[in-house]
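Notes follow the structure.
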Amino acid sequence: MTTRYRVEYALKTHRRDQLIEWIKGLLAVPFVLHSQPTAIYHEESDRLAAVATATYRRYAEILRDVEVMINDHIEHQKSGRLGQSKLKLLVPTVGPFFTSLLLEDAFIFQDQRRHISRRRFVAPSFNDIRLILNTAQLMGLVRGSQIKLVTFDGDVTLYDDGCCLVEDNPVLPRLLRLLEQGKKVGIVTAAGYTEASKYYARLKGLLDAISAHKTLTAEQKSGLVVLGGESNFLFRYDQSSPDLLTYVRRSEWLLDEMRTWTEEDVTALLDIAEASLRECVSALSLPAAVLRKERAVGIYPLNGHKMHREQLEETVLIVQSILERSEVGNRLPFCAFNGGNDIFVDIGDKSWGVRACQHYFGEIDRSMTLHVGDQFLSAGANDFKARTACTTAWIASPGETVQLLDELLTLEEQWAPKQGL
Ligand code: IMP
Ligand code: MG
């Protein structure tokens with residue numbers, strides 16, 4: 001049993017999103033019952049069209065039922081009876097929801113683009129459902145509350161892994177549009193530097209574009225902040241600084257709970273993390289060097305080397321479990337994650353980062369905040385933690401972030417006239 005459990009855990013749990021897997025399983029039933037893989041397109045097109053219509057209707061019905069179940073979960077959440085939520089019983093790892101998810105409408109929207117219900121050989125996939133959930137979340141935000149703050153992860157979300165936000169990145173006009181609309185924008189990245197110049201080097205395209213922008217007001221420009229090291233170093237946009245960013249002292253933005261994090265605990269946690277990273281480097285013969293920083297410790301590959309996915313995952317799971325079992329790891333929040341070709345342990349995590357942005361901008365509500373990121377697996381991923389602080393969208397590439405922001409604008413434009421806005 002133990003072995004089976006460990007295999008299941010090691011191979012699956014941290015690499016699966018249980019809500020998505022569960023929805024995938026529900027949609028697999030009509031797919032299996034209705035799909036006609038042996039039918040020939042030309043000869044039986046009438047029959048195929050009828051099947052596609054039936055499959056479409058079943059998918060939409062299932063997603064409407066899940067939508068109702070999520071609303072019921074939200075009611076239980078509000079009254080502190082989460083244990084009795086049916087969704088929680090079916091998907092024990094499911095977290096809180098801060099708005100409804102309009103899954104049926106989102107399915108209709110995505111089906112027009114991805115033709116999910118017309119497929120006969122490929123069942124609704126992880127990516128189909130991930131994108132339906134993203135659209136459902138945007139619809140829930142646009143029709144429910146109103147988005148006041150959008151936070152973004154950096155690597156893979158705004159730019160390719162390890163790259164910079166350069167001037168021809170198509171996401172730039174979309175970010176400027178958010179600021180123009182009066183929304184606040186936070187870049188909540190694990191990349192942790194204490195100097196503004198380092199962030200200027202990585203975000204130059206965006207900062208220069210804001211600085212040169214003719215119509216953005218000073219107030220709109222000040223709607224941009226960068227929160228580095230996940231929840232450790234806050235910088236605000238500052239037109240007068242040579243780096244266009246100014247460091248904000250911790251006393252000005254820390255949440256009350258974060259004030260209890262002591263320097264002794266920070267050092268103790270990083271010491272344990274560093275020791276376990278060093279052990280992994282040696283035990284797994286990783287071609288990596290250790291980097292200790294003020295609020296983080298990590299390993300990065302030696303010149304010309306790459307670590308395998310398995311080595312990275314093994315290391316992150318080991319370090320995380322050692323920290324979880326330590327005393328200080330129970331007092332002080334931390335995030336151990338696999339950065340694709342490096343591993344870092346940061347003090348705090350993105351839930352604290354997003355909450356700090358909400359606090360800095362005047363207590364913006366969780367139901368009015370959206371975090372966009374690429375790392376939402378439950379272990380070894382850093383955007384996952386943001387789920388407790390706000391609504392989220394899970395993208396797989398910077399191109400998808402652009403699509404998501406365009407989708408948001410389309411939905412806002414469609415919805416506002418109906419409201420007489
Ligand atoms: P993100 O995707 O924007 O959160 O950035 C994650 C990447 O930032 C990591 O994979 C590292 O390559 C890099 N990084 C640089 N400094 C730090 C740090 O202090 N903590 C964590 N990641 C860091
Ligand atoms: Mg990322």
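As the structure lists them, so they are numbered: ligands from 1, and atoms in each ligand from 1.
In this structure, the side chain of Arg259 engages the main chain of Leu254 through a donor-acceptor pair within 3.5 Å. For the pair Asn134 (side chain) and Trp394 (backbone), a donor-acceptor distance under 3.5 Å is present. Ser79 places a side-chain N or O within 3.5 Å of a backbone atom of Glu75 that can act as its donor or acceptor partner.
Nearest non-hydrogen protein atom to atom 6 (C) of ligand 1 is Ala190 CB, 3.7 Å. The closest protein non-hydrogen atom to atom 16 (N) of ligand 1 is Lys293 NZ, 2.6 Å. In this structure, the protein non-hydrogen atom closest to atom 9 (C) of ligand 1 is Asp342 OD1, 3.7 Å. At the top of the distance list for atom 5 (O) of ligand 1, counting protein heavy atoms only, stands Asp155 OD1, 3.4 Å. For atom 2 (O) of ligand 1, the closest heavy atom belonging to the protein is Asp153 OD1, 2.8 Å. The nearest heavy-atom contact from the protein to atom 3 (O) of ligand 1 is Thr189 OG1, 2.6 Å. Of the protein's heavy atoms, Ala191 CA, 3.6 Å lies nearest to atom 14 (N) of ligand 1. Scanning the protein heavy atoms around atom 20 (N) of ligand 1, the nearest turns out to be Asp346 OD1, 2.7 Å.
Neither side chain, Gln77 nor Ser85, offers a donor N or O lying under 3.5 Å from an acceptor on the other.
Within the structure, the closest approach of Arg295 to ligand 1 does not fall below 4.0 Å when heavy atoms are considered. By the 4.0 Å heavy-atom criterion, Phe337 is counted among the residues contacting ligand 1.
Side-chain atoms of Leu133 and Leu103, non-hydrogen and from C-beta on, do get closer than 4.5 Å to each other. By the 4.5 Å heavy-atom criterion applied to side chains, Ile347 and Trp261 are counted as neighbours.
With a 4.0 Å heavy-atom cut-off, ligand 1 is reached by no atom of Asp383. By the criterion of a heavy-atom distance under 4.0 Å, the side chain of Lys350, and not its backbone, is placed next to ligand 1.
Nearby protein atoms of type N, O or S around the Mg ion (ligand 2) amount to 3 (distance under 2.8 Å).
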